[in-house]
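Reviewing the structure listed below.
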There are 2 protein chains.
Amino acid sequence: MCQPCYTPIMNKKMISEEEMQVWHMWKSSYKNIFGRVVKDMSEQTGLSEGDFGILDRLDLYGKGKLRQQEIADSMDWTKSRLSHHLTRMEKRGLVLREPLLTERGVEVIITSAGKSALDDARPVVSMAIREHFLDFLTEQDIESITNLAKKTKEKSSSACKSPPS
Amino acid sequence: MCQPCYTPIMNKKMISEEEMQVWHMWKSSYKNIFGRVVKDMSEQTGLSEGDFGILDRLDLYGKGKLRQQEIADSMDWTKSRLSHHLTRMEKRGLVLREPLLTERGVEVIITSAGKSALDDARPVVSMAIREHFLDFLTEQDIESITNLAKKTKEKSSSACKSPPS
DNA sequence: ATAACATGGTTGACACATCAACCACAAGGT
DNA sequence: ACCTTGTGGTTGATGTGTCAACCATGTTAT
């Protein structure tokens, strides 16, 4: 009469009520805060988080243009996700897509409408992050966030992503 | 020649590079950890986070059955979102819906398939949360999480949700 | 009794995300 | 030459979320 065994060797015991509470608190903090920031941005500028991330990268890293794959890599998005999203953004006039002539691939170009939406959004995002997030943090909290980020960073399958070269 | 003014009174200055880093670290920690937990659950049991939350409530709070509105309230979901989700779950045989006879409303009932999916999922979820989240936390981290949760809790528009009665 | 409102739920349209299948074009290896 | 393999990108199906409109049935006010 043994329980189904999901963990390889031993039965680690189930987590406690208090531990589950920590998990729930963490989740709901994130959802509250993140939701407020995104809501401010989308209500005041009409951009979603994805829109902003893409436009931001085009503007900062690419002076207005980047290849799709570069965007996808830097955002950690699949090419499929990006392709779908760009289709919608193109329809709204925020970006253009043009096939590269010299090599394979597609170049994404920010339009003037895209650029001005981005310029409008920057201060809004900035304020929202301060108001809904930074203002709540103590020095200790920042330390915790930094540590947790380090400890949980990718470490994708124990191999290195870019060749040692 | 003044900038567009998004904040009522004064110009709080834009946030710094380091502050933006904290924001990004926080976001990516969440997305990494949460993504891993959800991935474990969905790969090993076929349930999404929403599925699990609903089944869990049916089982614990309602001994197998609850009214839709009760579920929606306790999950902080809109009735629309829940209705759509239940339609999909019903199609998969995890729950049933039956109109209440005595009063208005619909009762959601967990099926045996739903119950066994839930029982299978509990230990998986438990282990995943431990492995991908709890194991990384120090006492200090837990304190930070608790504090942040308190500080950012709902406080819905400075009014009280339930009437003072 | 009737009008006004609140409650419980459904629906359709659309944005967003993932997955698998596909297409086109490069190399490289035989 | 031909066949594999990898890369860059698209597409369709489906699951997930949100919003606004809707419907039916209660409750309350006039």
Side-chain angles (χ1 to χ4, degrees), chain A residues 27 30-32 34-36 38-43 45-54 65-109 161-163, chain B residues 30-31 34-36 38-43 45-54 65-109 161-163:
Chain A
K27 269 200 306 180
Y30 179 86
K31 287 180 182 174
N32 282 333
F34 187 71
R36 288 167 195 156
V38 165
K39 187 156 175 274
D40 279 7
M41 171 162 56
S42 88
E43 279 177 358
T45 76
L47 296 182
S48 70
E49 204 214 357
D51 299 336
F52 183 80
I54 290 169
K65 43 182 66 178
L66 281 177
R67 297 189 50 187
Q68 278 193 209
Q69 197 57 53
E70 300 181 274
I71 302 177
D73 288 343
S74 84
M75 297 184 69
D76 205 22
W77 278 20
T78 62
K79 51 196 179 152
S80 167
R81 181 176 179 183
L82 182 63
S83 180
H84 283 302
H85 201 103
L86 287 176
T87 303
R88 292 188 298 263
M89 288 180 75
E90 212 173 357
K91 214 174 298 177
R92 291 192 289 148
L94 297 170
V95 295
L96 292 176
R97 274 195 276 202
E98 281 189 3
L100 287 175
L101 301 174
T102 63
E103 41 180 342
R104 261 189 329 152
V106 173
E107 195 158 54
V108 182
I109 306 167
K161 268 198 158 172
S162 41
Chain B
Y30 179 86
K31 287 180 181 172
F34 187 71
R36 287 168 197 156
V38 165
K39 188 156 175 273
D40 278 7
M41 170 162 57
S42 89
E43 281 177 356
T45 76
L47 297 182
S48 70
E49 204 215 355
D51 300 335
F52 184 80
I54 291 169
K65 42 182 69 179
L66 280 176
R67 297 188 50 185
Q68 274 190 213
Q69 198 57 55
E70 300 181 275
I71 302 178
D73 288 344
S74 84
M75 298 185 68
D76 207 22
W77 279 20
T78 62
K79 50 194 179 155
S80 167
R81 181 176 176 183
L82 183 63
S83 180
H84 283 303
H85 202 100
L86 287 176
T87 303
R88 293 187 299 261
M89 288 180 75
E90 214 173 358
K91 214 174 297 176
R92 292 192 288 147
L94 297 170
V95 296
L96 293 177
R97 272 193 279 202
E98 281 189 4
L100 286 175
L101 301 174
T102 64
E103 41 180 344
R104 251 178 349 141
V106 173
E107 194 159 54
V108 182
I109 306 167
K161 270 201 157 170
S162 40

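In what follows, every chain begins at residue 1, and chains take the letters A, B, ... in the order their sequences are listed.
An OP1 or OP2 oxygen of dG9(D) is reached within less than 4.0 angstrom by a side-chain nitrogen or oxygen of Gln69(A).
In this entry the distance linking NZ of Lys31(B) with P of dT18(C) reads 10 Å, nearest Å. When rounded to the nearest whole Å, the span between CD of Glu90(A) and C1' of dC16(C) equals 18 Å. The separation between Arg104(B) atom CZ and dG9(C) atom P is 8 Å, rounded to whole Å. Here the P atom of nucleotide dC16(C) and the CG atom of Leu94(A) are 11 Å apart, to the nearest Å. In this structure, Glu103(B) places its CD atom 10 Å from P of dG26(D), rounding to the nearest Å. Atom-to-atom, CG of Leu100(A) to C1' of dA24(C) comes out at 15 Å; the value is rounded to the nearest Å. Following rounding to the nearest Å, Glu70(A) (CD) and dT7(D) (P) show an atom-to-atom distance of 16 Å. Rounded to an integer number of Å, the gap from Met41(A) CE to dC16(C) C1' is 14 Å.
Other residues, nucleotides and ligands contribute only 12 or fewer heavy atoms inside 6.0 Å of the NZ atom of Lys39(A). Other residues, nucleotides and ligands contribute only 12 or fewer heavy atoms inside 6.0 Å of the NZ atom of Lys65(A).
Taking every heavy atom of both residues into account, Glu90(B) and Val95(B) meet most closely at CG-O, 3.4 Å.
Checked for salt-bridge contact, Arg92(A) and Asp51(A) meet the test: a charged N lies under 4.0 Å from a carboxylate O.
Remark: Tyr30(B) engages Trp26(A), Tyr30(A), Phe34(B) in a ring-ring contact (aromatic ring centres under 6.0 Å, His included) (not counting sequence neighbours). Partners of Arg104(A) by side chain to side chain donor-acceptor pair (under 3.5 Å), not counting sequence neighbours: none found.
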What string of B, S and - do you get for nucleotides 10-19 of chain D 5' to 3' if you count protein non-hydrogen atoms under 4.0 Å?
-> BBBB-SBSBB
